[in-house]
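Have a look at the structure below before the remarks.
In the text below, chain A, chain B and the rest are named by the order of the sequence lines, each starting its count at 1. What you see is a predicted model; the values in this text were computed from it and never measured.
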There are 2 protein chains.
Amino acid sequence: MFKVNKLTDYATVVMVDLVSADLARPSQKIANNTGIPYPTVNKLMKDLLQAGLVRSHRGINGGYSLASPAHKITIADIIQAVEGPIALTSCVNNSLDKCSYENFCAVQGRWNRVNKAVVKALKKVTVADMT
Amino acid sequence: MFKVNKLTDYATVVMVDLVSADLARPSQKIANNTGIPYPTVNKLMKDLLQAGLVRSHRGINGGYSLASPAHKITIADIIQAVEGPIALTSCVNNSLDKCSYENFCAVQGRWNRVNKAVVKALKKVTVADMT
DNA sequence: CCTAAATAGTACTAAATAAGTACAGTATTA
DNA sequence: TAATACTGTACTTATTTAGTACTATTTAGG
Ligand code: FES
Ligand code: FES
């Protein structure tokens with residue numbers, strides 16, 4: 001199947017939940033709001049934080065909040081945060097791993113075009129659109 | 001990672017190889033041309049055949065050929081042939097499985113928009129473009 | 001009609017990836 | 001200083017993908 005990770009799906013749900021947060025919202029509360037298990041939310045937040053999509057605040061009254069306005073965070077951002085660089089095949093430019101057929105392959109580099117088209121499509125939809 | 005199956009990647013290589021085939025080309029020859037292992041080619045052809053992307057001919061001098069002109073076969077077609085319907089999440093309309101959060105989910109149905117955008121992008125690139 | 005070439009279908013095994021869980025550590029505020 | 005909540009890492013299990021094997025069926029040609 002051609003699909004995003006379940007965690008990416010969850011991440012969008014989390015991001016949408018955070019849209020309505022005025023102050024920092026703890027993982028526990030996010031879990032309650034969304035129905036996503038607490039440990040899973042916890043794991044997600046680490047990825048979203050590292051990618052700079054959310055801000056965190058420790059201690060009592062701590063929690064997470066969006067790092068940018070909802071209409072500036074795209075689905076592409078969320079996918080990249082959770083799953084790493086978007087590379088439909090391993091012979092796409094920004095892929096982490098290397099294609100083993102590269103030496104004698106007939107479609108060498110052609111996937112770049114497809115990849116760009118998909119990324120462009122994913123950048124068009126924002127968290128605000130998902131609300 | 002957000003990516004297509006390796007088999008899908010191989011499938012495009014196979015399709016591109018078939019562009020240059022005047023008569024039916026056997027799996028074995030496709031394997032030789034592309035460097036993809038023979039058993040794997042064999043497996044692929046079954047999927048491509050079922051999806052109607054190639055035509056087959058049995059017996060001596062048999063083999064496979066494209067069912068339509070190269071510029072009419074899209075990357076979306078190939079992905080669907082190998083991986084089934086394109087459904088980025090399980091709550092997308094044409095998905096085979098059902099989303100378990102559907103009852104209380106905040107982004108319910110919103111992925112349809114993303115999915116459509118991606119499919120549209122994948123339909124824009126054809127086998128001819130990959131040659 | 002018989003044989004060799006080649007596809008068609010099914011089922012199994014092994015490898016890779018994703019999902020879920022656990023836990024010890026650190027910062028913050030009341 | 002105690003309670004709250006994030007941070008980081010590592011582990012286990014489940015699921016999916018990739019690869020392999022084998023049998024049956026069809027076709028062309030001698
Ligand atoms: S499949 Fe990777 S270079 Fe062709
Ligand atoms: S994640 Fe499937 S309905 Fe929301």
- request: Return the nearest nucleotide to the side chain of B:Y38; candidates are D:dG19, C:dT17, C:dT7.
  value: C:dT7
Distance-only criterion, 3.5 Å: show the donor-acceptor pairs between side-chain atoms of residues 38-46 of chain B and protein atoms not counting sequence neighbours.
unit_1 : atom_1 : unit_2 : atom_2 : d
B:Y38  : OH     : B:N42  : ND2    : 3.1

Name the atoms and distances for all side-chain donor-acceptor pairs under 3.5 Å in residues 118-129 of chain A, with sequence neighbours left out.
unit_1 : atom_1 : unit_2 : atom_2 : d
A:T126 : OG1    : A:A128 : N      : 3.3
A:T126 : OG1    : A:D129 : N      : 3.3
A:T126 : OG1    : A:D129 : OD2    : 3.2
A:D129 : OD2    : A:T126 : N      : 2.9

Nearest-angstrom distance from the residue atom CD1 of A:I36 to C1' of C:dA18: 16 Å
field: Whole angstrom value for the distance that separates P of D:dT23 from NZ of B:K43
entry: 19 Å
- line: When rounded to whole Å, the CG to P distance for the pair A:N42 and D:dT4 reads 16 Å
query: Among pairs that include at least one residue of residues 73-93 of chain A, which meet salt bridge (charged side-chain N to carboxylate O under 4.0 Å, His left out), considering only residues two or more places apart or in two chains?
result: none
- prompt: Quick check: does any side chain N or O of A:D9 sit under 3.5 Å from a backbone N or O of A:V4, one acting as donor and the other as acceptor?
  reply: no
Nearest-angstrom distance from the residue atom CD of B:Q28 to P of C:dA5: 12 Å
Restricting both atoms to N or O, compile the protein contacts to nucleotides 12-15 of chain D shorter than 3.5 Å, with distance only.
none

Which pairs, protein N/O on one side and nucleotides 28-30 of chain C N/O on the other, fall under 3.5 Å?
unit_1 : atom_1 : unit_2 : atom_2 : d
C:dT29 : OP1    : A:H57  : NE2    : 3.2

message: At a heavy-atom distance below 4.0 Å, what parts of residues 44-56 of chain B sit against DNA chain C?
response: B:K46, B:L49, B:S56
- prompt: Does a side-chain N or O from A:T40 land closer than 4.0 Å to OP1 or OP2 of C:dA19, or not?
  reply: no
- prompt: Counting side-chain heavy atoms from CB outward, which of C:dT7, D:dA18, D:dT17 is closest to B:L7?
  reply: D:dA18
